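Below is one structure; the comments refer to it alone.
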Amino acid sequence: MAQHDLTKTARAMVAKGKGILAADESFGTIEKRFKSINIASTEEQRRAYREMLFTTGDFGDYISGVIMFDETIRHKTAQGMPFVDLLRKANVIPGIKVDSGAKDLAGYPGEKITEGLDGLRERVAEYYRLGARFAKWRAVITIGDAMPTRFCIDANAHALARYAALCQEAGIVPIVEPEVLMDGGHSGERCEEVTTTTLESVFFHLHAHRVSLEGMVLKPNMVIPGKKAAQQWSPRQIAEATVRCFMRTVPAAVPGIVFLSGGQTPAEATANLDAMNKMGTHPWELSYSYGRALQDEALKAWLGKPENVAAGQKMLAHRGHLVSAARYGKYNPKMESAA
Ligand code: 13P
């Protein structure tokens, strides 16, 4: 059903100069983020924080869609306007995280499996009624000694494909997110090997589940050395390895690839995306779906205080314009200091 709409929405999510804001932190994650600025995670602070982000003046210039959490998609502004309506007015597509988190994979110590398939058909139908037009499901792949196992990769790819098929049945574009973590000291080559195997498995299972590639968006990690690796890479090396890996694994029918930032700093995530788009045109749009890289500077300027809302919005707008420039390969690190 709704095949045309899925394709249209997927394309709109990766429109030129735009990308996605991941603001779908679960209760545990937002508590961690708020702790970093010494504030408690109350429902009102969470609402106020998201209102600050979503009411940033020129938001719709660089944001095509926002991923929300279950609590957030039901929230309203202080003036009483539902967030969903606020976003729509700014020409931003409402989205929703539908997985219920990565849990320990029984029998495979150190590895994770993402839960949330039970009752998903009913939940996506409800989110559609609430206004969501795309969804997100994140699978986590860990690199370590004898990890990841083939079983962990395939189990996660299978769940991602079941989720994606259920979303498309409901007229919702699935963001398929297999994240190979950058934690650890592994090399960039090792990340490329694991990312390649993971994406091969993901697309095998997407085909098996009859998922329309035109009506989905892929959200992967960049191919990048582990945070603790002795040998770090330049943006150009990261860009070349990442594009090479995707050319081998991601069908051209997929309209766009939106990266997660995964622990890169805002400037790194911007420079790395920029380097890929500087390489020229690719079969898919290469864009962003950053959480931390879009929010961190705004969060630090806000500090939970109403009088800092304008300062927080200024930081989000600044980063938004930089990542938007990176969509065209027109970013320069010198632009960082303009804030
Ligand atoms: P980060 O950009 O902070 O990695 O978050 C993106 C996201 O949505 C992870 O699921």
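Source: prediction; values computed, not measured.
- In this structure a side-chain-to-backbone donor-acceptor pair under 3.5 Å is missing from Ser287 to Val14.
- Taking a 6.0 Å sphere around CZ of Phe204, one finds it holds 12 or fewer heavy atoms contributed by other residues, nucleotides or ligands.
- Here the side chain of Lys330 pairs no donor or acceptor atom with the backbone of Lys278 at under 3.5 angstrom.
- Taking the side chain as every heavy atom from C-beta outward, Ile96 and Lys136 never approach each other to under 4.5 Å.
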Audit row: Arg74, Asp70, salt bridge (charged side-chain N to carboxylate O under 4.0 Å, His left out) steps and yes/no: CA-CA 7 Å; Arg74 301 167 199 276; Asp70 179 74; 2.8 Å; yes
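- Side-chain atoms of Tyr163 come within 3.5 Å of backbone N or O of Ile175 as a donor-acceptor pair.
- Partners of Arg248 according to the side-chain contact (heavy atoms from CB on, under 4.5 Å) rule, which considers only residues two or more places apart in sequence or in another chain, are Glu192, Arg244.
- Looking only at distances, no side-chain donor or acceptor of Gln168 sits under 3.5 Å from a matching main-chain atom of Ala165.
- Taking both residues in full, the closest heavy atoms of Tyr328 and Ser324 are given as CD1-O, 3.3 Å, listed atom of the first, atom of the second, then distance.
- The closest donor-acceptor contact from the side chain of Asp99 to the backbone of Glu115 lies at 3.5 Å or more, if one exists at all.
- At distances below 3.5 Å, not a single donor-acceptor pair connects side-chain atoms of Arg190 with backbone N or O atoms of Gly185.
- The OG1 atom of Thr270 sits 13.0 Å away from the CZ atom of Arg327 when rounded to the nearest 0.5 Å.
- Using a 4.0 Å cut-off between a side-chain N of Lys or Arg and a carboxylate O of Asp or Glu, Glu285 and Lys18 do not qualify as a salt bridge.
- A side-chain donor from one of Thr149 and Glu111 sits under 3.5 Å from a side-chain acceptor of the other.
- Leu294 contributes atom CG, which lies 12.5 Å from atom CG of Leu299 (distance to the nearest 0.5 angstrom).
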Worked check of salt bridge (charged side-chain N to carboxylate O under 4.0 Å, His left out) between Lys8 and Asp5: CA-CA 5 Å; Lys8 215 172 108 183; Asp5 287 349; 5.2 Å; no
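- Between the side chain of Thr9 and the backbone N or O of Leu6, no donor-acceptor pair lies under 3.5 Å.
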For residues 305-313, please give each side-chain donor-acceptor pair under 3.5 Å, one per line with the distance, not counting sequence neighbours.
| from | atom 1 | to | atom 2 | distance (Å) |
| --- | --- | --- | --- | --- |
| Asn308 | ND2 | Trp302 | O | 3.0 |
| Gln313 | NE2 | Met52 | O | 2.9 |
| Gln313 | NE2 | Thr55 | OG1 | 2.9 |

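- Contact between Ala78 and Arg47 at its shortest, heavy atoms only, is N-NH1, 3.2 Å.
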Check against side-chain contact (heavy atoms from CB on, under 4.5 Å), Leu21 and Tyr288: CA-CA 8 Å; Leu21 168 66; Tyr288 45 89; over 6 Å; no
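- Within 6.0 Å of the CD atom in Gln232, the count of heavy atoms belonging to other residues, nucleotides or ligands exceeds 12.
- Ser261 contributes no side-chain N or O that, together with a main-chain N or O of Gly263, makes up a donor-acceptor pair within less than 3.5 Å.
- Applying the side-chain contact (heavy atoms from CB on, under 4.5 Å) test to Ser41 and every residue at least two apart in sequence or in another chain returns Ile30, Glu31, Phe34, Arg46.
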Test side-chain contact (heavy atoms from CB on, under 4.5 Å) applied to Gln295 and Leu53, step by step: CA-CA 8 Å; Gln295 292 184 46; Leu53 299 176; 4.0 Å; yes
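- Residue Arg210 qualifies as open at atom CZ: its count of foreign heavy atoms under 6.0 Å is 12 or below.
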Working for side-chain contact (heavy atoms from CB on, under 4.5 Å), residues Ile224 and Asn272: CA-CA 10 Å; Ile224 193 167; Asn272 293 335; 4.1 Å; yes
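- Residues satisfying the ring pair (Phe, Tyr, Trp, His ring centres under 6.0 Å) test with Phe246, not counting sequence neighbours, are Phe259.
- For the ring pair (Phe, Tyr, Trp, His ring centres under 6.0 Å) condition, the pairs that include at least one residue of residues 73-113, sequence neighbours left out, are Phe54-Phe83, Tyr108-Phe151.
- Panel note: side chain Asp274, backbone Tyr331; a donor-acceptor pair is recorded below 3.5 Å.
- Taking His186 as the reference, nothing meets the ring pair (Phe, Tyr, Trp, His ring centres under 6.0 Å) condition, with sequence neighbours excluded.
- Note that the OG1 atom of Thr7 and the CE atom of Met216 stand 12.0 Å from one another [nearest 0.5 Å].
- Closest heavy-atom contact between Gly188 and Val223: O-CG1, 3.8 Å.
- Asp154 and His205 share no side-chain donor-acceptor pair at under 3.5 Å.
- Taken from CE in Met13 to NZ in Lys219, the straight-line distance is 9.5 Å, to the nearest 0.5 Å.
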Salt bridge (charged side-chain N to carboxylate O under 4.0 Å, His left out) evaluation trace for Glu25 with Arg50: CA-CA 11 Å; Glu25 295 82 5; Arg50 269 73 179 241; 3.0 Å; yes
side-chain contact (heavy atoms from CB on, under 4.5 Å) evaluation trace for Met335 with His318: CA-CA 9 Å; Met335 293 154 81; His318 180 63; 5.7 Å; no
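- The local environment of CZ in Arg162 is sparse, with at most 12 non-hydrogen atoms from other residues, nucleotides or ligands closer than 6.0 Å.
- Look at Arg319 and Glu336 and you find a salt bridge, because one of the NZ, NE, NH1 or NH2 atoms lies within 4.0 Å of a carboxylate O, short of that distance.
- Partner of Pro178 under the side-chain contact (heavy atoms from CB on, under 4.5 Å) criterion, out of Asn156, Thr198, Val140: Thr198 alone.
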